[in-house]
Amino acid sequence: QVQLVESGGGLVQDGGSLRLSCAASGRTFSNKAMGWFRRAPGKEREFVSAITRSGESTYYAESVKGRFTISRDNAKNTVYLVMNSLKPEDTAVYYCARQSGSGIYINTESFVYDSWGQGTQVTVSS
């Protein structure tokens, strides 16, 4: 039933780095855009980053641009999110999601994503 599984979360110090991984199942992985969302304590889920089906284009929320890097390896059915210069405000549960549609265009709206992982906790201490 579960098609997406996140891993790599943990506790890091302010300014530290972390790499998240999302393992996906299915032969159609390469045909879908993939995204990362996060939900911080007391806040709504927000868009973090996304990548088109073959990695041609990427998009980042302004809050993480220049610090986070999204990538994918379609042969391994895996999406990554490398997070550098982490800040306490980055503390959240991070979710991997598969976008519906052609995978050519990136959409930042959560309802466009049709499959979600269970999330991985990222905590940045000061």
Side-chain angles (χ1 to χ4, degrees):
Q1 183 67 265
V2 178
Q3 299 182 59
L4 302 173
V5 180
E6 304 94 335
S7 63
L11 174 64
V12 297
Q13 192 174 48
D14 189 357
S17 299
L18 206 61
R19 186 182 77 163
L20 305 184
S21 297
C22 173
S25 63
R27 296 185 179 88
T28 62
F29 174 79
S30 63
N31 294 331
K32 301 291 186 179
M34 299 292 294
W36 287 95
F37 290 77
R38 68 186 182 186
R39 184 180 178 87
K43 297 184 178 181
E44 296 295 318
R45 182 172 58 191
E46 66 174 349
F47 172 83
V48 176
S49 183
I51 186 168
T52 51
R53 64 186 186 184
S54 295
E56 306 98 327
S57 299
T58 58
Y59 185 78
Y60 301 90
E62 289 299 320
S63 60
V64 306
K65 188 175 182 179
R67 300 187 298 120
F68 291 10
T69 302
I70 189 171
S71 63
R72 67 190 298 163
D73 186 338
N74 289 343
K76 297 180 179 179
N77 287 347
T78 303
V79 179
Y80 304 96
L81 183 67
V82 176
M83 305 181 291
N84 297 130
S85 301
L86 284 163
K87 307 173 181 179
E89 52 262 45
D90 293 318
T91 295
V93 176
Y94 284 71
Y95 299 90
C96 175
R98 181 180 66 192
Q99 188 179 293
S100 63
S102 68
I104 298 174
Y105 302 101
I106 291 173
N107 196 305
T108 63
E109 299 173 276
S110 62
F111 65 79
V112 178
Y113 292 77
D114 61 10
S115 186
W116 296 78
Q118 294 299 305
T120 185
Q121 177 71 49
V122 172
T123 302
V124 185
S125 64
S126 59

Handout entry: Atom pair OG1/CD1 of T52 and I106 - distance to nearest 0.5 Å
Key = 5.5 Å
Practice task
Just do the side chain to side chain contact (heavy atoms under 4.5 Å, CB included) check on S71 and V82 with the steps written out, would you?
Solution key: CA-CA 8 Å; S71 63; V82 176; 5.7 Å; no
Handout entry: Residue pair N84, S17: steps toward the side chain to side chain contact (heavy atoms under 4.5 Å, CB included) verdict
Key = CA-CA 4 Å; N84 297 130; S17 299; 2.7 Å; yes
Problem - Sole candidate of F37, Y95, Y113, F111 that passes ring-ring contact (aromatic ring centres under 6.0 Å, His included) when paired with F47 - result: F37
Practice task
Find the distance between OG (S125) and CD (Q13) and round it off to the nearest 0.5 Å.
Solution key: 5.5 Å
Handout entry: Single-linkage hydrophobic cluster, 4.5 Å side-chain cutoff, Y80 and V64 together
Key = no
Exercise for the section: Evaluate the side chain to side chain contact (heavy atoms under 4.5 Å, CB included) criterion for residues R67 and Y60: first the C-alpha distance (whole Å), next the side-chain angles of each, then the deciding distance (0.1 Å), finally the verdict. Expected result: CA-CA 10 Å; R67 300 187 298 120; Y60 301 90; over 6 Å; no
Completion exercise
When rounded to the nearest 0.5 Å, the distance separating OG of S54 from CD1 of I104 is 9.5 Å
Handout entry: Reported CG-to-OG1 distance for the pair D90 and T123, which is rounded to 0.5 angstrom
Key = 11.0 Å
Problem - Minimum heavy-atom distance between Q99 and K32, given as atom pair plus value - result: O-CD, 3.3 Å
Exercise for the section: With sequence neighbours left out, write down each residue that passes side chain to side chain contact (heavy atoms under 4.5 Å, CB included) with V122, or none if nothing qualifies. Expected result: L18, L20, M83, Y94, V124
Exercise for the section: Nearest 0.5 Å please: distance from the CG atom of N107 over to the OG atom of S100. Expected result: 8.0 Å
Problem - Minimum heavy-atom distance R72-G55, with the two atoms named - result: CD-N, 4.1 Å
Completion exercise
What one should report as the nearest heavy-atom pair of R38 and A92 is CB-CB, 3.8 Å
Handout entry: Over 12 non-hydrogen atoms of neighbours within 6.0 angstrom of CD in E56
Key = yes
Practice task
With the side chain counted from C-beta on, respond yes when S21 and R19 share a heavy-atom pair under 4.5 Å apart, and no when they do not.
Solution key: yes
Problem - Qualifying disulfide bond (SG atoms under 2.5 Å apart) pairs with a residue from residues 97-126, counting only residues at least two apart or across chains - result: none
Problem - For Q3 against S115, the heavy-atom pair lying closest together - result: CB-OG, 4.1 Å
Problem - Worked verdict on Q118 versus V5 for side chain to side chain contact (heavy atoms under 4.5 Å, CB included) - result: CA-CA 7 Å; Q118 294 299 305; V5 180; over 6 Å; no
Handout entry: S102 versus R53, closest heavy-atom pair with distance
Key = O-NH1, 3.0 Å
Problem - Check: W36 ring centre within less than 6.0 Å of F68 ring centre - result: no
Fill in the blank from the handout: Output for pair (M34 CE, N74 CG), nearest 0.5 Å, gives 9.5 Å
Handout entry: Where C96 and L4 come nearest, the two heavy atoms and their spacing
Key = O-CD1, 3.7 Å
